[in-house]
Amino acid sequence: MQDLYSERKGQILAVKDLPTLPTVLDEVTQLLEDEQASPEQIAKVISCDQVLSAKVLKMVNSPIYGFPRRINTVQHALVLLGLNVIRGLIISTSVFEIMTESMVGLWEHSVGCAMACNHIAKNLDLKDPEEYAVTGLLHDLGKVVFSVQLPETKQSLEERVKGEDLSFLQAEKQELGFGHDRINAWLADHWNLPLNIREGLAYHHRPLSAQYYPVVAHVVHVGDFLARVLEIGSGGDDRLPRLERGSLQALGLKFSRLAKVIDAMSKDLFDLTGLTPTTAS
Amino acid sequence: MVLAKPITRDNGMVLMAEGTELNRSGLDRLHRLGIGHLVVEGEPVDLSDDSTGLSCAKRLERLGYLFRGYEDDAWMLTVKAFFEAYFRKRGIQRGEIDSDKFEKGC
């Protein structure tokens with residue numbers, strides 16, 4: 001069993017072979033480890049890849065973030081959003097670019113979750129709401145990478161979801177022995193993502209178990225639930241995950257505040273139409 | 001749907017240029033500015049729905065299906081009741097749901 005687990009983990013983490021992952025990502029990750037590197041240097045590296053820059057700026061200027069003025073340069077985006085958010089955008093747009101038609105719904109669901117996380121964080125006056133949004137955008141990345149790396153398993157998993165009316169997570173656990181939340185943790189380590197984003201990715205289905213940044217896990221958990229109730233895209237199944245009461249309590253998010261979050265999301269939903277991970281829209 | 005003629009203030013200042021792609025938030029902004037009418041070209045935007053294409057009435061109908069499996073879970077039934085009340089209220093506000101019908105027990 002352990003051998004099978006290791007084998008599947010190895011197959012999934014062969015993610016560096018994905019054709020759409022830009023070399024810029026490695027360069028940016030390396031620069032991150034260099035304490036001498038300046039934001040200007042990092043912006044310059046990203047800007048060298050024009051297609052990638054366009055994709056990042058398109059996301060930065062989307063209703064997910066809702067900035068009142070257009071952001072035209074990567075450097076400006078870096079200053080406003082921080083490197084963690086920009087790296088998250090590079091990863092999400094690049095990985096989702098290889099998605100098949102069947103995964104379009106997952107992209108839409110991820111965008112919906114990102115928008116929900118942004119509005120929840122803003123409603124609660126949390127610092128750096130953009131980091132919550134990008135964590136929401138990445139929260140199902142494990143599903144995309146797994147689907148691309150293990151396509152045969154994905155097919156039998158989808159049959160289980162439909163045939164047995166299971167959630168995607170339940171089917172993953174039955175088929176693989178682990179869920180996309182575990183894959184998220186591997187990917188976060190693989191790309192050296194900061195711990196707050198890692199916690200949101202790894203614990204969005206078990207937010208009460210998050211140790212270091214439980215607030216991020218709670219926000220993504222609630223954001224994922226809202227995106228599902230509002231049926232923005234598809235998370236791979238049409239079963240609602242159980243909403244943890246402890247998450248609402250931990251965040252101080254009463255139903256009256258939740259209603260305001262949904263109101264804010266509803267206004268932005270229309271503007272999300274046509275937002276894709278590619279430069280063309 | 002794009003703006004066929006620019007929207008200007010009385011003093012001639014352009015609020016929105018000709019050719020601007022109209023979306024819901026843009027139309028809401030114009031409404032708040034007191035713009036009563038505009039000239040457009042292209043297909044009309046349905047303001048009762050968002051990008052998911054679901055009205056509040058439709059969402060209300062879907063809740064039973066979405067919350068299946070939680071029939072014995074008191075907390076999730078409370079969550080469901082919140083969403084029912086939310087979509088019903090917004091549906092009535094948007095004129096999608098008849099409030100009289102609701103008060104009679106629908």
Side-chain angles (χ1 to χ4, degrees), chain A residues 62-64 66-68 104-105 107-109 111-112 115 164-167 170 221-222 225-235 237-249 253-276 281, chain B residues 1-2 17 20-32 42-94 96:
Chain A
S62 76
I64 294 176
F67 288 114
V104 172
W107 165 255
E108 291 169 351
H109 167 69
V111 168
M115 198 172 68
E164 300 171 37
D165 195 19
L166 296 174
S167 72
Q170 286 171 322
H221 174 73
V222 178
F225 187 83
L226 289 182
R228 281 174 170 270
V229 176
L230 295 176
E231 298 188 77
I232 309 170
S234 166
D237 61 82
D238 57 6
R239 292 197 75 95
L240 286 179
R242 191 175 190 281
L243 178 67
E244 289 289 353
R245 187 176 201 165
S247 285
L248 296 188
Q249 288 170 336
L253 199 57
K254 293 181 177 170
F255 282 140
S256 55
R257 296 188 86 153
L258 208 53
K260 287 180 181 165
V261 169
I262 302 169
D263 282 343
M265 285 177 71
S266 300
K267 282 182 185 166
D268 287 344
L269 273 178
F270 190 86
D271 294 341
L272 283 179
T273 311
L275 181 66
T276 63
S281 62
Chain B
M1 187 171 70
V2 298
T20 302
E21 183 76 40
L22 291 169
N23 55 31
R24 185 178 189 145
S25 63
L27 289 169
D28 284 345
R29 272 196 299 276
L30 291 174
H31 181 68
R32 285 196 295 275
E43 295 299 315
V45 173
D46 181 355
L47 293 180
S48 65
D49 291 354
D50 53 40
S51 69
T52 60
L54 294 179
S55 64
C56 285
K58 189 72 188 169
R59 288 186 189 286
L60 206 49
E61 279 176 33
R62 295 271 301 155
L63 285 178
Y65 178 73
L66 290 174
F67 278 82
R68 72 193 184 283
Y70 292 115
E71 291 81 4
D72 297 324
D73 186 326
W75 163 245
M76 285 302 279
L77 291 177
T78 305
V79 176
K80 185 185 171 195
F82 157 71
F83 280 100
E84 280 170 346
Y86 176 85
F87 290 133
R88 191 170 283 139
K89 188 176 176 185
R90 293 294 176 268
I92 291 171
Q93 286 171 346
R94 293 182 189 178
E96 295 169 10

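Below, chains carry the letters A, B, ... as their sequence lines are ordered, and counting in each starts from 1. Quantities reported herein were computed from a predicted structural model and do not represent experimental measurements.
Contacts between B/Arg90 and chain A at a heavy-atom distance below 4.5 Å involve the side chain alone, from C-beta outward. Only the side chain of A/Asp165 comes within contact range of chain B, judged by heavy atoms closer than 4.5 Å. Looking at A/Leu248, the atoms closer than 4.5 Å to chain B (heavy atoms on both sides) all sit in the side chain, from C-beta outward.
Considering only residues two or more places apart in sequence or on other chains, B/Glu61 meets the side-chain contact (heavy atoms from CB on, under 4.5 Å) condition with B/Lys58. Shown here are the ring pair (Phe, Tyr, Trp, His ring centres under 6.0 Å) partners of A/Phe67, two or more places apart in sequence or in another chain: there are none.
Ranked by non-hydrogen atom pairs under 4.5 Å with chain A, the options B/Phe67, B/Phe87, B/Tyr70, B/Tyr65 are led by B/Tyr70. Interface summary for chain A: among B/Leu66, B/Leu63, B/Asp73, the most heavy-atom pairs under 4.5 angstrom belong to B/Leu66.
For the atom pair B/Gln93 CD and B/Cys56 SG, the distance stands at 8.5 Å (nearest 0.5 Å). Atom CG of residue A/Leu226 and atom CD1 of residue A/Ile232 lie 8.0 Å apart, to the nearest 0.5 angstrom.
In summary, A/Asp237 and A/Arg228 engage in a salt bridge, as defined by a charged side-chain N under 4.0 Å from a carboxylate O.
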